[in-house]
Amino acid sequence: MEFSKVISERHSIRKFSEQAVPRELLDSLIQAAIQAPSASNLQAWRFVVADDPALVKKINMFSPGMSGDPKAVIAICSDYKYAESRKSGKHYKDYGCIMDASMAAQNLMLAAVDAGLGTCAIKSYTESAVRKILNLPEYIHLENLIAAGYPAGEGRSVPRKPLAEVVRYNGWGGEA
């Protein structure tokens with residue numbers, strides 16, 4: 001699919017079909033995610049993929065932002081121990097990890113559109129419960145969840161603000 005079309009067709013999908021997502025396809029989404037930029041190229045991101053229906057259902061119980069019975073949930077995490085051990089230390093852990101996870105999430109979601117899947121980024125969850133369900137060690141920080149599956153119906157397109165409202169050139173008082 002043409003890249004500009006992938007971008008324009010990416011919507012948050014909240015209804016998924018019953019079709020399971022093959023692991024090879026999930027792996028390709030993770031491969032796209034790890035191609036994202038990474039501050040100081042530390043690549044402290046870690047991914048935990050839940051595709052067991054019982055596990056996905058448990059995660060869903062503690063994620064009010066999730067709906068539509070996704071067939072997979074991808075937890076995008078950061079390895080804080082690894083991040084702190086590198087040259088950027090605490091600064092990278094506090095700021096770089098969330099930035100890296102966000103860029104990885106966007107790559108993953110765009111790759112999903114290209115593969116015919118739908119996704120929804122989720123930040124509304126009970127972190128302690130999801131951490132326990134996924135058996136995350138203490139040093140692994142849960143950044144966000146991505147619900148994934150084959151869409152059941154069309155995603156809802158929401159209007160975007162025009163450029164004149166969101167961009168300025170050469171400073172805030174500059175030309176719109």
Side-chain angles (χ1 to χ4, degrees), residues 1-38 43-79 97-161:
M1 185 182 300
E2 185 179 319
F3 186 66
S4 61
K5 188 171 182 176
V6 168
I7 290 173
S8 67
E9 290 191 9
R10 198 230 47 90
H11 305 294
S12 293
I13 300 298
R14 297 182 189 281
K15 291 183 182 180
F16 299 94
S17 78
E18 293 299 315
Q19 184 179 354
V21 180
R23 283 201 173 167
E24 299 78 32
L25 186 48
L26 292 167
D27 286 345
S28 75
L29 301 182
I30 304 301
Q31 189 62 47
I34 65 175
Q35 296 303 311
S38 174
Q43 303 178 56
W45 47 52
R46 304 294 182 259
F47 304 88
V48 180
V49 180
D51 64 354
D52 176 284
L55 198 59
V56 170
K57 186 174 183 172
K58 282 184 186 178
I59 294 168
N60 202 346
M61 289 172 48
F62 294 97
S63 305
M66 193 179 304
S67 60
D69 194 24
K71 297 304 157 220
V73 176
I74 302 164
I76 301 180
C77 305
S78 297
D79 184 334
C97 284
I98 187 67
M99 184 175 82
D100 287 4
S102 298
M103 291 187 286
Q106 182 69 12
N107 271 20
L108 186 150
M109 291 186 293
L110 292 174
V113 170
D114 192 47
L117 295 175
T119 59
C120 187
I122 310 294
K123 191 61 178 166
S124 172
Y125 49 80
T126 304
E127 185 169 347
S128 59
V130 175
R131 290 182 61 77
K132 187 173 182 176
I133 292 165
L134 294 175
N135 195 31
L136 299 179
E138 179 182 310
Y139 59 90
I140 297 295
H141 180 72
L142 179 59
E143 302 288 1
N144 60 35
L145 301 173
I146 306 293
Y150 290 97
E154 295 294 315
R156 183 173 62 95
S157 180
V158 295
R160 298 295 178 185
K161 294 183 179 190

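Because the structure is predicted, anything quoted here is derived from the model rather than measured.
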Are the side chains of [X] and [Y] in touch, meaning some heavy atoms are under 4.5 Å apart?
X      : Y      : result
Leu29  : Val21  : no
Ile98  : Ser102 : yes
Pro70  : Val56  : yes
Asn144 : Ile146 : yes
Val73  : Met66  : yes
Pro151 : Ile13  : yes
Leu110 : Phe3   : yes
Lys132 : Lys58  : no

To the closest 0.5 Å, what do you measure between [atom1] ([X]) and [atom2] ([Y])?
X      : Y      : atom1 : atom2 : result
Leu136 : Ser128 : CG    : OG    : 11.5 Å
Leu108 : Thr119 : CG    : OG1   : 7.0 Å
Gln31  : Ile34  : CD    : CD1   : 4.0 Å
Glu143 : Cys77  : CD    : SG    : 7.5 Å
Ile122 : Ile74  : CD1   : CD1   : 12.0 Å
Met103 : Met99  : CE    : CE    : 4.0 Å

- Task: In sequence, state the C-alpha distance, the side-chain angles, and the governing distance for His11 and Met109, and then conclude on side-chain contact (heavy atoms from CB on, under 4.5 Å).
- Result: CA-CA 9 Å; His11 305 294; Met109 291 186 293; over 6 Å; no

Taking all atoms of both residues into account, what is the closest heavy-atom pair of [X] and [Y], and its distance?
X      : Y      : value
Asp100 : Pro37  : OD1-O, 4.0 Å
Pro22  : Tyr150 : CD-OH, 3.7 Å
Leu55  : Ala50  : CD2-CB, 3.9 Å
Phe16  : Ser67  : CE1-O, 3.8 Å
Phe47  : Ala104 : CZ-CB, 4.2 Å
Gly65  : Arg14  : O-NH1, 3.3 Å

- Residues in salt bridge (charged side-chain N to carboxylate O under 4.0 Å, His left out) contact with Lys71, at least two apart in sequence or another chain: Glu18, Asp69

- Can you name the residues that form a salt bridge (charged side-chain N to carboxylate O under 4.0 Å, His left out) with Lys5, not counting sequence neighbours? Glu9

- Query: Between Arg131 (side chain) and Ile140 (backbone), is there a donor-acceptor pair under 3.5 Å?
  - Reply: yes

- Query: Would a distance-only check, ignoring hydrogens and angles, find a side-chain to backbone donor-acceptor pair under 3.5 Å from Ser38 to Gln43?
  - Reply: yes

- Item | Stepwise side-chain contact (heavy atoms from CB on, under 4.5 Å) check, Leu145 with Ile76 | CA-CA 6 Å; Leu145 301 173; Ile76 301 180; over 6 Å; no

- Would you check if there is a donor-acceptor pair between the side chains of Gln19 and Ser17 at a distance under 3.5 Å? no

- Message: Please determine whether the number of non-hydrogen atoms from other residues, nucleotides or ligands lying under 6.0 Å from atom NZ of Lys123 exceeds 12.
- Response: yes

